[in-house]
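Shown next, in structure tokens, is the structure this report addresses.
Just so we're on the same page: letters track the sequence lines, and every chain starts at 1.
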Amino acid sequence: MPEGHTIHRLARDQRRDLAGHLVRASSPQGRFAVGAADLDGRVLLGTEARGKHLFHHYEGSRLLYVHLGLIGKFHRDRLDEPARLGEVRLRLEGRAMRWDLTGPMRCDLIAVTEYEQIVSDLGPDPLRRGARAADFVTRLRRKRAPVAAALLDQTVIAGIGNVYRSELLFLRGIHPARPAATLDEDEAHQLWDEAVAQLRLGLRLNRIVTISAEDRYGRAAGRVPAGERLYVYQRAGLPCRRCGAPIERAVLGARKVWWCPIDQPLRA
DNA sequence: TACATATGATCAT
DNA sequence: TGATCCTATGTAA
């Protein structure tokens, strides 16, 4: 479930579990055997999330880079629980917890130059302190592409994925096919503010819940049942939770996008 | 058992 | 735009 909130949550949780101590590293599946052997026995100094990119800084200037991609996943278990079966590319064990990584798009030791390149290619990250809304507004409004495609462009905003792009556009009442350049400054700023609020909530809950307080009938956000957490994502043909109109679906930016035809009119 | 699908991104055409 | 990579899961056959 990797959008930006997931990666920031992983950075935080792994820092708490593993940082400041010697870490045992291995690659049960074998495809990261050399890198894991290099890391094994080193102290984790810190972790860092940048959009969907995760970094671990180890002593000896070792830099671990993980990008989960579509299907990558970290599994967290206690050391006294049995190790999970499956294709574990990287296993990290601290004093009490074990983190198993499966299916990542990238899992590599990288040079600082590559790290700097990755970071400098990213747009502002709404979960990062000091990220500038104005930076996002400028980058977004330069794009001629549909706003739904621009939101998946990590050089425009770092950390948005296919769920949040549909949900954010619904929340701001913006039709996904509108060219990004047609958004006025207020609309773009509000889209940024919505992204900050929603990703912060997702980080806290460790899951995506965009439905507003008034639409969840007093239930706490963390208690919203699965299937009632989102407004439009994967709800094609189902009634809009606000107005009842059937949710529509199309492919934009090579991915499916969902929207409400009434609450997100095409006109500006 | 096979296939489709998935919250991602890159590369070839 | 389509093929490709990584893995797990749910549904169909």
Side-chain angles (χ1 to χ4, degrees), chain A residues 1-11 27-33 35-36 49-55 64-77 83-91 99-108 110 114 117-123 125-127 145-146 148-171 176 194-195 198-211 224 226-237 247 249-259:
Chain A
M1 307 146 194
E3 296 195 27
H5 68 296
T6 302
I7 310 309
H8 282 258
R9 179 63 181 245
L10 285 170
S27 179
Q29 172 220 45
R31 296 181 57 170
F32 188 55
R50 298 274 189 151
K52 300 171 189 171
H53 307 260
L54 176 66
F55 303 96
L64 173 68
Y65 171 47
V66 173
H67 194 300
L68 294 178
L70 185 58
I71 60 178
K73 216 168 191 175
F74 269 107
H75 312 263
R76 180 178 185 264
D77 297 297
R84 75 177 42 247
L85 304 172
E87 299 292 298
V88 177
R89 181 84 59 90
L90 171 63
R91 171 167 293 154
W99 287 87
D100 280 351
L101 170 63
T102 63
M105 189 173 77
R106 286 286 308 270
C107 171
D108 288 303
I110 63 170
E114 185 176 355
Q117 186 64 55
I118 291 166
V119 168
S120 70
D121 283 346
L122 294 173
D125 178 344
L127 286 176
L151 286 177
L152 288 184
D153 184 339
Q154 302 297 301
T155 70
V156 171
I157 180 171
I160 300 301
N162 209 29
V163 178
Y164 275 125
R165 75 156 173 171
S166 285
E167 294 296 311
L168 295 174
L169 290 171
F170 173 84
L171 289 165
E194 193 71 59
Q198 294 299 330
L199 269 78
R200 277 185 186 161
L201 181 62
L203 170 62
R204 182 153 63 80
L205 300 176
N206 207 12
R207 70 165 48 123
I208 302 177
V209 177
T210 58
I211 194 159
V224 179
E228 294 179 29
R229 295 177 184 140
L230 307 173
Y231 283 104
V232 292
Y233 177 78
Q234 281 197 336
R235 296 195 67 243
I247 298 302
R249 179 185 66 185
V251 174
L252 270 182
R255 312 289 302 278
K256 291 174 189 164
V257 65
W258 292 261
W259 73 96

- Just grab all the salt bridge (Lys or Arg N to Asp or Glu O under 4.0 Å) pairs involving residues 148-157 of chain A, residues at least two apart or on different chains. Lys143(A)-Asp153(A)
When rounded to the nearest Å, what value does the distance between [atom1] atoms of [N] and [M] take?
{"N": "dC5(C)", "M": "dT13(B)", "atom1": "P", "answer": "14 Å"}
{"N": "dC3(B)", "M": "dT4(C)", "atom1": "P", "answer": "16 Å"}
{"N": "dG2(C)", "M": "dT5(B)", "atom1": "P", "answer": "15 Å"}
{"N": "dT1(C)", "M": "dT7(B)", "atom1": "C1'", "answer": "22 Å"}

Whole angstroms only, please: what is the [atom1]-[atom2] distance between [X] and [N]?
{"X": "Leu54(A)", "N": "dG8(B)", "atom1": "CG", "atom2": "P", "value": "16 Å"}
{"X": "Asp108(A)", "N": "dT10(B)", "atom1": "CG", "atom2": "C1'", "value": "15 Å"}
{"X": "His53(A)", "N": "dT7(B)", "atom1": "NE2", "atom2": "C1'", "value": "15 Å"}
{"X": "Ile208(A)", "N": "dA6(B)", "atom1": "CD1", "atom2": "P", "value": "14 Å"}
{"X": "Ile157(A)", "N": "dG8(B)", "atom1": "CD1", "atom2": "P", "value": "13 Å"}
{"X": "Glu114(A)", "N": "dT10(B)", "atom1": "CD", "atom2": "P", "value": "11 Å"}
{"X": "Tyr164(A)", "N": "dG8(B)", "atom1": "OH", "atom2": "C1'", "value": "16 Å"}
{"X": "Asp100(A)", "N": "dC6(C)", "atom1": "CG", "atom2": "P", "value": "19 Å"}

Between the protein and nucleotides 1-5 of chain C, which nitrogen or oxygen pairs are less than 3.5 angstrom apart?
none

Using OP1 and OP2 only, check whether a side-chain N or O of [X] sits under 4.0 Å from [N].
{"X": "Lys73(A)", "N": "dT7(B)", "value": "no"}
{"X": "Gln234(A)", "N": "dT5(B)", "value": "no"}
{"X": "Gln29(A)", "N": "dC6(C)", "value": "no"}
{"X": "Tyr233(A)", "N": "dT7(B)", "value": "yes"}
{"X": "Lys52(A)", "N": "dA9(B)", "value": "yes"}
{"X": "Arg255(A)", "N": "dG8(B)", "value": "yes"}
{"X": "Gln154(A)", "N": "dA9(B)", "value": "yes"}

- Query: What is the minimum heavy-atom distance between Ile247(A) and Trp258(A), and which atoms define it?
  - Reply: CG2-CB, 4.0 Å
When rounded to the nearest 0.5 angstrom, what is the spacing between [atom1] in [X] and [atom2] in [Y]?
{"X": "Ile160(A)", "Y": "Glu3(A)", "atom1": "CD1", "atom2": "CD", "result": "7.0 Å"}
{"X": "Ile211(A)", "Y": "Glu228(A)", "atom1": "CD1", "atom2": "CD", "result": "7.0 Å"}
{"X": "Leu252(A)", "Y": "Asn162(A)", "atom1": "CG", "atom2": "CG", "result": "10.0 Å"}

- Message: Nearest heavy atom decides the nucleotide; on that basis, is Ile71(A) or His67(A) closer to the 5' end of DNA chain B?
- Response: Ile71(A)
- Query: So which nucleotide does dA4(B) pair with, by the Watson-Crick or G-U wobble rule with both distances under 3.5 Å?
  - Reply: dT9(C)
- Item | Complementary nucleotide for dT13(B) - Watson-Crick or wobble, under 3.5 Å | none
- Keeping the roles fixed (side chain from Gln29(A), backbone from Leu90(A)), state whether a donor-acceptor pair exists under 3.5 Å. no
- Message: At 4.0 Å (heavy atoms only), tell me whether Arg106(A) reaches a base, stays on the sugar-phosphate, or touches nothing.
- Response: nothing
- Task: Assign Gly103(A) to base, sugar-phosphate, or nothing according to its heavy-atom contacts below 4.0 angstrom with the strands shown.
- Result: base
- Query: Do other residues, nucleotides or ligands put more than 12 heavy atoms under 6.0 Å from Arg200(A) CZ?
  - Reply: no
- Query: Would you say the side chain of Val88(A) lies within less than 4.5 Å of the side chain of Ser27(A), judging by non-hydrogen atoms?
  - Reply: no
- Item | All side-chain contact (heavy atoms from CB on, under 4.5 Å) counterparts of Arg106(A), not counting sequence neighbours | Tyr65(A), His67(A), Asp108(A), Ile110(A), Glu114(A)
